[in-house]
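Attaching a single structure in C-alpha cells format; questions to follow.
Please read all numbers here as calculations on a predicted model, not as lab measurements.
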Amino acid sequence: MNHPVRRPALVTALALACAVALTSCTAGPAAGPGRAATAPASADPASRPDLKPFYGQRLRWTDCETEGYVCARLTVPRDYDDPGNGRTFVLPVARAAAGKPERRIGSLVFNPGGPGAAGVASLEEGMDASFGRAARDRFDIVAFDPRGVGASVPALTCTAADDEEDGAEEPEAEENATEPAASEGVVPLHPRTDEERTAADAGARAAAKDCEQHSGGLLRHVGTQDAARDLDVLRAALGERELTYLGWSYGTSLGTAYAELFPRRVRAMVLDGAIDPSLDWSQRVLSQSAGFRRSVDDYADHCAEVAGDSCPADSPDAIRALIERLYTRAGREPLPVSEDSSYAEYGGMDATAVLDAVSMAMYTPEDQWEPLSRALAAADAGDATGLGALDEEEPAEEESAEEEPAEEEPAPEDSGEGSPGDEDVTPVDNEGAALTAVNCLDVPHPRDLDAYWDVLPRAEKAAGVYGTAGVTAELTCRGWPSGGRTPHRVDADGVPPVLVVGTTGDPSTPYAEAVSLAEQFPGGMLLTYEGMGHTAYGRGDACVTEQVDAYLVGLKPVRPGATC
C-alpha cells in the first residue's frame, strides 16, 4: 500500500496472518478432461434484456479532487440473478487521459490487487506512472473501485461506526462480549495445545461475526465472478468493443474470471503476479507460505547487497537467527513499542504482528529492505516501534464518503436503493474487510475445524511458522457464506493470447503459478522476470516494460521462453 505511487506490489494480498493465501500449482494444457465446455454465444452473460439498462450507461466525467484526473460513477446490479430488484452498487471510476490523444487506441483498465485495493485512490496517488510511456501515450488509464471496496456504495465494513445507533444490533454485540476476544492473550504462530487452538478459533469466529453483523447483506455479492461482470459493464460504459486490461496479483484472478466469462471481448490482457484458480485453500496456503519463507531467506542472503550497512547482523545466518529470536520473544510477550505506536493499545507487537511486518517487507526489496533492517535491529535492542510502523501509510484524507446520490447515475430507476443503512457509512479504508470477504467467498473452505489442524504439520514442514500462521489465518473463512466457486482449470476458449508475467522470487504469488496459468490459457504467453519482490511491471525493469507495452499497444506476442 505505498506513496507517492501506489505500487502494485503493495496493494496486493496482505501478509500471511491476516489474509487468505493465494498461491500456485500444476501446469497443464488449455483443454482436457475435467474442463467444462465453453458456453455457446447465445448464453452470453450480458445478453439478457434485464441487464440492458446497466449496459446502456455512459459515464459522466468530472474533475477528480486530484488534479490531472477525471472521475465518474458506474451503477451495477447487486445481484446479477435478479438485476431489476432495485439494489445496486455504485462504483467510483477514474481516468488519466492518454498522453497522445491523436494516437489514442482506447481505454486500458487496471486492477492494482488486493482483493480490497481501491483502484481510484491508487490512480489518484499516481499509479499511472507505473505504466510504460508507450502505454500511457496510447491509452486512457482507467481504474475503478470494485463492488464493496473503497468508496463503493455500499461498502463493506467489519467494524461498527463510532456513531452507530442501530439498537437492533446491540443484543448481538452483547453476545459477542461473552466470547473470548481475539486480543486476549498471545496467539502463537503455531497453535499446538487445545487451549491455543480454542483461542485461535474463537478469535476467528468473532472476526467473522463482526463482518456478518455489519455487512451481512453484502457478503454474498462481493465475489470475483460478480466483479468480473461489473468489469464488462464498465467496458461498455467506456464505449469499448473489447477490453484491454492489466491486473496485478489479485487483479490476475479478476482478469482470469473475465476471460472465462467474456473470452471474445478481450483485446489484450496482462496478468502480473499470477494466481492459479485450480488450487484449493490448503494448496494456496502451503504455496504462498513457502514463498514468503523463501523470500525471507533471500533477504538474509542478499541483505548486504540491497541494504548495505543497514543490515541487522553481519551474516545471513545471524540475520535468520535474529528474526527467529524476535518471533520467539514476541510469542512469549509482545515486543515493546512507544506510546504513540499504533500497537501501544495492544501492549506491543505480538508474534503475528512481527511476522506480518517481516512478510510485507518482502514485496518490494528495493524500497523496504533498508527500513526493515533498521527496524529489526531496533526491535532486537528492545524497541519495536519502527517495526510496527513499516506498513503504516500516510493517513488517508477524510474525504467524507460523500458519494453522490445514486439517483444521479445514468442507470435504472431506484438504482440507489438498498438495505436500510447500507449507504450511510463508507469507511475511509476497508481494505482489510474486503480482502477477507472476497477471499473467503471465492475459495471454498471446510466447515470442520479439524481439517485446519490436520494441515498444520504439512504447513510447518513446508514453511515453518509462515505456514502454520497461514493456516490459522484461514479459520475466519470457516463459517463464511459459500460463493459457489470451486478450484478449476481455466476455461476460456476463444480468448486471444493472454500475457502472464511471473517473478522468480515472488513471495506472495510464487513463480510456479505464472507458469501454470500461462499454460492453462489457450495460446497463453509467459514473460519471466528473474528477480525478487512481488510483481514485475512498474517496478523499473526496462525489459519487462518494453515487452508488456509492445503487447498492449501493438499486440506483439512475447516469444516462448522470454526472460528479463
Check your understanding: Would you say the side chains of Asp276 and Gln283 form a donor-acceptor pair under 3.5 Å?
Key -> no
Does a side-chain heavy-atom distance below 4.5 Å link Met525 with Val498? no
Please check this pair: side chain of Asp272 against backbone of Ala536, looking for a donor-acceptor N/O pair closer than 3.5 Å.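 Indeed, once roles are kept as given, a pair shorter than 3.5 Å links the two residues.
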Donor-acceptor check, side chain of Thr157 to backbone of Thr159, threshold 3.5 angstrom: yes or no?
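Checking the backbone N and O of Thr159 against the side chain of Thr157, a donor-acceptor pair under 3.5 Å is found.
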Q | Thr528 and Tyr511: side chain donor to acceptor below 3.5 Å | A | yes
**Message:** For Tyr537 and Trp248, take the angle between the two ring planes, folded into 0 to 90°, and tell me which bin it lands in: parallel under 30, tilted 30 to 60, perpendicular over 60.
**Reply:**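 It falls in the parallel class, under 30°.
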Side chain Arg478, main chain Glu474, donor-acceptor under 3.5 Å
no
Could you walk me through whether Trp369 and Tyr363 satisfy the ring pair (Phe, Tyr, Trp, His ring centres under 6.0 Å) test, starting with their C-alpha distance in whole Å, then the side-chain angles of each, then the deciding distance to 0.1 Å, before giving a yes or no?
CA-CA 9 Å; Trp369 281 9; Tyr363 281 62; over 10 Å; no
For Gly561, is there any backbone N or O sitting under 3.5 Å from a side-chain donor or acceptor partner on Thr563? yes
Between Thr504 and Gly531 (side chain of the first, backbone of the second, donor and acceptor by atom type, cut-off under 3.5 Å), is there such a pair? yes
**Prompt:** Does the side chain to side chain donor-acceptor pair (under 3.5 Å) test come out yes or no for Asp442 and Thr224, once each step is laid out?
**Reply:** CA-CA 7 Å; Asp442 277 359; Thr224 299; 2.3 Å; yes
Apply salt bridge (charged side-chain N to carboxylate O under 4.0 Å, His left out) to residues Glu546 and Lys556 and explain how you reach the verdict.
CA-CA 11 Å; Glu546 289 170 5; Lys556 181 179 179 181; over 6 Å; no
Legend entry - Crowding at CG, Asp309 (>12 non-hydrogen neighbours, <6.0 Å):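 Open.
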Within the structure provided, determine whether Leu376 and Tyr299 are in side-chain contact (heavy-atom separation under 4.5 Å).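 Result yes, sub-4.5 Å side-chain heavy-atom pair found.
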### Message
Using a strict threshold of under 4.0 Å (side-chain N to carboxylate O), is an ion pair present between Asp201 and Arg197?
### Response
no
| said: Whether the Glu196 and His190 side chains hold a donor-acceptor pair (N or O, under 3.5 Å, no angle test) is what I'd like checked. | reply: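 Per modelled atom types, Glu196 and His190 side chains form no pair under 3.5 Å.
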Please check if any side-chain donor atom of Glu324 sits under 3.5 Å from a side-chain acceptor atom of Thr328, or the reverse.
-> no
Less than 4.5 Å apart, any side-chain heavy atom of Cys564 and any of Gln547?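 They are in contact (side-chain heavy atoms under 4.5 Å apart), so the answer is yes.
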Flag side-chain contact, heavy atom, 4.5 Å: Thr509 against His534
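Yes - at least one pair of side-chain heavy atoms lies under 4.5 Å apart.
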**Request:** State, yes or no, whether a side-chain contact exists between Val354 and Tyr327 at a heavy-atom distance under 4.5 Å.
**Result:** yes
Decide yes or no on ring pair (Phe, Tyr, Trp, His ring centres under 6.0 Å) for Phe110 and Phe131, but give the supporting numbers first.
CA-CA 10 Å; Phe110 76 89; Phe131 291 81; 5.5 Å; yes
*Within 6.0 angstrom of Glu339 CD, more than 12 heavy atoms from elsewhere*: no
### Query
Do the non-hydrogen side-chain atoms of Phe144 and Val109 ever get within less than 4.5 Å of each other?
yes
- Salt bridge between Arg320 and Asp301, side-chain N to carboxylate O under 4.0 Å? yes
- Step by step, work out the side chain to side chain donor-acceptor pair (under 3.5 Å) result for Asp145 and Ser152. CA-CA 6 Å; Asp145 288 1; Ser152 158; over 6 Å; no
